[in-house]
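Worksheet: the structure to be examined is printed underneath.
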Amino acid sequence: EAGVTQFPSHSVIEKGQTVTLRCDPISGHDNLYWYRRVMGKEIKFLLHFVKESKQDESGMPNNRFLAERTGGTYSTLKVQPAELEDSGVYFCASSQVEWTGNEQFFGPGTRLTVL
Amino acid sequence: AQTVTQSQPEMSVQEAETVTLSCTYDTSESDYYLFWYKQPPSRQMILVIRQEAYKQQNATENRFSVNFQKAAKSFSLKISDSQLGDAAMYFCAYRSRHTGANSKLTFGKGITLSVRP
């Protein structure tokens with residue numbers, strides 16, 4: 001069974017540009033999460049999809065971030081326009097059912113550098 | 001809001017020895033889950049062990065065990081017979097037992113564990 005995949009693995013962009021990160025969850029997993037880790041700090045929750053619906057987007061930093069999950073399969077996270085403080089590693093995770101003790105399976109992350 | 005604190009940024013252990021990684025948390029909830037996740041260098045984060053707060057018995061998974069002290073809000077991870085493959089970053093995480101909007105994980109800053117051969 002394929003795990004959670006993320007693309008690209010690295011992205012280097014200039015301030016003001018747009019970047020789109022993609023996450024493919026494990027097949028059949030209705031729950032999809034985005035997290036971010038800024039260097040030296042905690043991994044922070046961004047948002048949670050259940051199928052194609054946003055269940056919780058309380059962690060989204062501002063309106064420069066737009067997440068979508070059309071069709072309830074893969075998800076994209078767009079940052080437009082990117083700022084220096086957006087640099088970090090963006091993780092995606094998925095889980096199968098809405099049991100809060102259930103394991104979230106993580107992708108390898110996308111390392112975003114904004115210059 | 002819940003917080004998770006891992007105050008030690010780095011630790012080192014000799015191969016075959018035992019090491020304990022510390023984690024404390026703060027919550028007003030009485031029912032929740034605690035997790036330890038491991039992220040090896042350049043690899044995906046994987047679940048090491050899970051503890052349900054309503055269970056008094058400490059969770060164990062082979063060489064990994066936890067010391068869960070609910071009153072003290074402490075959740076340490078003990079790795080016995082350390083192996084070179086245990087070298088990784090370890091994250092402590094909290095999750096509310098309630099479903100829906102509270103199902104996100106709250107993480108600590110992580111601790112980098114190195115294993116000396």
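Side chains included, hydrogens not; waters and symmetry mates left out as well; all remaining heavy atoms used. Note that the coordinates shown come from a computational prediction; the quantities given were computed from them, not determined experimentally. Sequence lines set the chain letters: A, B, ... in the order given, protein chains first and strands last, and positions in each chain run from 1.
For B/Gln39, the part sitting under 4.5 Å from any heavy atom of chain A is the side chain, from C-beta outward, and nothing else. Proximity to chain A is absent for every atom of B/Tyr32, based on heavy atoms less than 4.5 angstrom apart. Neither the backbone nor the side chain of A/Phe105 comes within less than 4.5 Å of any heavy atom in chain B.
Within a 6.0 Å radius of CZ in A/Phe7, no more than 12 heavy atoms belonging to other residues, nucleotides or ligands are found. Atom CZ of A/Arg64 has more than 12 heavy atoms from other residues, nucleotides or ligands within 6.0 Å. Residue B/Asn62 places its CG atom among 12 or fewer non-hydrogen atoms of other residues, nucleotides or ligands, all under 6.0 Å distant. Other residues, nucleotides and ligands contribute over 12 non-hydrogen atoms within 6.0 Å of the NZ atom of B/Lys70. Counted within 6.0 Å of CD on A/Glu85, heavy atoms from surrounding residues, nucleotides or ligands total more than 12; the atom is thus considered enclosed. Other residues, nucleotides and ligands contribute at most 12 non-hydrogen atoms within 6.0 Å of the NZ atom of A/Lys51.
Note on A/Lys44, A/Lys41, A/Arg37: by heavy-atom pairs under 4.5 Å with chain B, the leading option is A/Arg37.
Residues A/Gly107 and B/Gln44 come closest through the heavy atom pair C-CG, 3.4 Å. Across all non-hydrogen atoms, the minimal contact from A/Gln104 to B/Ser103 is NE2-O, 3.4 Å. Of all heavy-atom pairs spanning B/Leu105 and A/Tyr35, the tightest one is N-OH, 3.1 Å. Looking at every heavy atom in both residues, A/Glu103 comes nearest to B/Arg50 through N-NH1, 3.5 Å.
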Side chain to side chain contact (heavy atoms under 4.5 Å, CB included) assessment of A/Ser58 paired with B/Lys104: CA-CA 10 Å; A/Ser58 62; B/Lys104 63 187 178 186; 3.9 Å; yes
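Note: the hydrophobic cluster containing A/Tyr74 does not contain A/Val19 (ILVMFWY, side chain heavy atoms under 4.5 Å, direct or indirect links).
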